[in-house]
Participant: 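Pasting a structure below so you can have a look.
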Amino acid sequence: MIEVRSLKIDYGSPGSAVRAVDGVDFTLDRGRSLALIGPSGCGKTTILFSISGLLLPTEGTITISGTPVTGPRRDVALILQNAGLLPWKTVWQNANLSLLLSGDYPKQDAGAVLDELGLSEVKDRYPAELSEGMKRRVGIARALSTAPSVMLMDEPLASLDTLTRERIQDLFLTLWRTHKFSLILVTHDIEEAAFLGQEILVLTERPARIKERVENPEMGGLDYRESAAYTQTVRKLREVLEK
Ligand SMILES: Nc1ncnc2c1ncn2[C@@H]1O[C@H](COP(=O)(O)OP(=O)(O)O)[C@@H](O)[C@H]1O
Ligand SMILES: [Mg+2]
């Protein structure tokens with residue numbers, strides 16, 4: 001369903017260009033999950049932005065459901081590093097921002113999603129009045145409000161404490177299973193990749209290429225962290241990243 005072919009991306013102008021991505025190929029079938037892991041500055045965000053249509057490839061092609069990506073699409077949602085909340089807007093307004101920008105609000109609203117994420121009672125609060133975990137959930141509500149078929153996440157849990165991070169990873173897993181979107185998660189966190197990726201692509205240092213493809217078929221349960229398969233995937237990823 002998502003096809004990335006010979007993707008190359010340069011920053012700057014021809015002649016003085018910096019190559020960030022140098023020939024990345026993968027496909028992701030509908031409803032599956034893929035983690036991209038690699039060192040800081042290797043080109044992960046660049047790849048994700050190109051899939052979201054915010055950045056056009058220098059060479060190569062990206063198609064979603066058979067259509068080339070030429071700009072942002074309404075069936076593709078993107079969750080960024082911090083939740084991306086506007087401090088002067090309430091939880092309700094922040095959660096409805098995507099629907100407002102697409103012209104669908106107030107015909108549609110994020111009410112049901114806020115309910116699902118346990119945020120209905122705080123809908124009139126401002127971001128400063130929320131815990132970090134709640135802020136992330138408002139960002140997730142915004143992304144889910146448009147019922148996307150593709151969810152892109154760029155290190156969405158960086159800078160959270162361990163317990164909150166694991167709780168939100170659990171939430172991502174549950175949402176992926178219930179909403180059945182295709183998931184591409186960018187992370188530099190080995191445990192996160194092993195918990196959420198059915199397949200994990202390990203990237204090289206910049207310019208990003210695929211160093212190794214790691215299958216992780218037994219993921220999918222909330223208790224996966226306790227399993228031997230998880231430990232094995234984590235060990236494998238560490239090995240590949242270090243070599
Ligand atoms: N707008 C830009 N202009 C020039 N170079 C950039 C720009 N954005 C990112 N880069 C460079 O491209 C490389 C990849 O960046 P990025 O995709 O953000 O890496 P990652 O997300 O893996 O940390 C980095 O070395 C970065 O310095
Ligand atoms: Mg990045």
Side-chain angles (χ1 to χ4, degrees), residues 2-26 28 33-62 64 69-73 76-85 132 135-136 139-140 142-143 148 150-162 164-165 168-169 172 182-197 199-214 216 234 236-243:
I2 301 176
E3 272 198 88
V4 175
R5 287 283 158 256
S6 310
L7 181 67
K8 293 187 183 173
I9 299 171
D10 295 340
Y11 285 110
S13 44
S16 63
V18 175
R19 178 142 294 179
V21 180
D22 192 25
V24 164
D25 284 87
F26 63 85
L28 183 66
S33 78
L34 174 76
L36 296 174
I37 190 168
S40 174
C42 79
K44 301 182 294 298
T45 297
T46 304
I47 295 172
L48 206 68
F49 277 15
S50 67
I51 298 169
S52 77
L54 293 173
L55 192 66
L56 292 178
T58 308
E59 286 179 43
T61 54
I62 301 169
I64 299 181
V69 173
T70 53
R73 303 163 49 113
V76 177
L78 177 63
I79 297 182
L80 297 173
Q81 270 166 20
N82 55 20
L85 304 186
E132 268 318 303
K135 285 184 206 167
R136 306 301 166 119
I140 297 165
R142 178 193 291 167
V150 177
M151 184 71 80
L152 307 175
M153 299 181 177
D154 189 8
E155 308 204 29
L157 305 181
S159 78
L160 287 182
D161 65 86
T162 308
T164 308
R165 190 164 61 229
I168 298 196
Q169 287 167 354
F172 283 154
S182 312
L183 171 63
I184 300 183
L185 168 78
V186 158
T187 183
H188 61 243
D189 185 302
I190 291 174
E191 277 91 10
E192 192 162 292
F195 185 66
L196 289 168
E199 192 184 328
I200 301 146
L201 300 181
V202 183
L203 302 172
T204 61
E205 300 271 349
R206 184 180 72 83
R209 287 190 212 93
I210 295 174
K211 194 174 187 183
E212 195 151 329
R213 208 176 282 276
V214 177
N216 187 33
V234 167
K236 172 79 185 169
L237 290 175
R238 190 162 288 134
E239 244 173 59
V240 176
L241 278 164
E242 280 170 2
K243 84 177 177 212

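Order of listing sets the numbers, starting from 1, for every ligand and every atom in it.
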Participant: With no hydrogens and no angle check, is any side-chain donor or acceptor of Asp154 less than 3.5 Å from a backbone partner on Gln81?
Facilitator: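 Judged by distance alone, no pair lies under 3.5 Å.
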
Participant: Side chain of Thr58, backbone of Asp10: donor and acceptor closer than 3.5 Å?
Facilitator: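 Yes, Thr58 side chain to Asp10 backbone: donor-acceptor pair under 3.5 Å.
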
Participant: List, for ligand 1, each N/O atom that has a protein N/O partner under 3.5 Å away, with both atom names and the distance.
Facilitator:
residue  : atom   : partner : partner atom : Å
ligand 1 : 17 (O) : Thr45   : N            : 3.4
ligand 1 : 17 (O) : Thr46   : N            : 2.9
ligand 1 : 17 (O) : Thr46   : OG1          : 2.5
ligand 1 : 19 (O) : Gly43   : N            : 3.2
ligand 1 : 21 (O) : Thr45   : N            : 2.9
ligand 1 : 21 (O) : Thr45   : OG1          : 2.7
ligand 1 : 22 (O) : Cys42   : N            : 3.2
ligand 1 : 22 (O) : Gly43   : N            : 3.0
ligand 1 : 22 (O) : Lys44   : N            : 2.8
ligand 1 : 22 (O) : Lys44   : NZ           : 2.9
ligand 1 : 23 (O) : Gly41   : N            : 2.7
ligand 1 : 25 (O) : Gly41   : O            : 3.3
ligand 1 : 25 (O) : Arg206  : NE           : 3.2

Participant: By the definition side chain to side chain contact (heavy atoms under 4.5 Å, CB included), identify the one residue from Val18, Ile47, Val21 that meets it with Ile9.
Facilitator: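 With Ile9 as partner, side chain to side chain contact (heavy atoms under 4.5 Å, CB included) holds for just one option, Val21.
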
Participant: Between Glu212 and Lys243, does a salt bridge (charged side-chain N to carboxylate O under 4.0 Å, His left out) hold up when you go through it step by step?
Facilitator: CA-CA 11 Å; Glu212 195 151 329; Lys243 84 177 177 212; 3.0 Å; yes

Participant: Just to be sure I understand the site: which N, O or S atoms from the protein are less than 2.8 Å away from the Mg ion (ligand 2)?
Facilitator: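 Near the Mg ion (ligand 2), the protein supplies Thr45 OG1.
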
Participant: Okay, side chain of Lys135, backbone of Ala83: is any donor-acceptor separation there less than 3.5 Å?
Facilitator: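 Answer holds: no.
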
Participant: Are the side chain of Arg142 and the backbone N or O of Gly84 linked by a donor-acceptor pair below 3.5 Å?
Facilitator: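 Looks like yes, one N/O pair under 3.5 Å.
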
Participant: May I ask you to decide if Leu185's main-chain N or O and Lys44's side chain share a donor-acceptor pair within less than 3.5 Å?
Facilitator: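 Not at all, since once roles are kept as given, no pair shorter than 3.5 Å links the two residues.
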
Participant: So, Thr187 side chain and Ala193 main chain: donor-acceptor pair closer than 3.5 Å or not?
Facilitator: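 Checked: no pair found.
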
Participant: Check whether Arg5 reaches the backbone of Thr61 with its side chain - one donor and one acceptor, N or O, closer than 3.5 Å.
Facilitator: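 No.
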
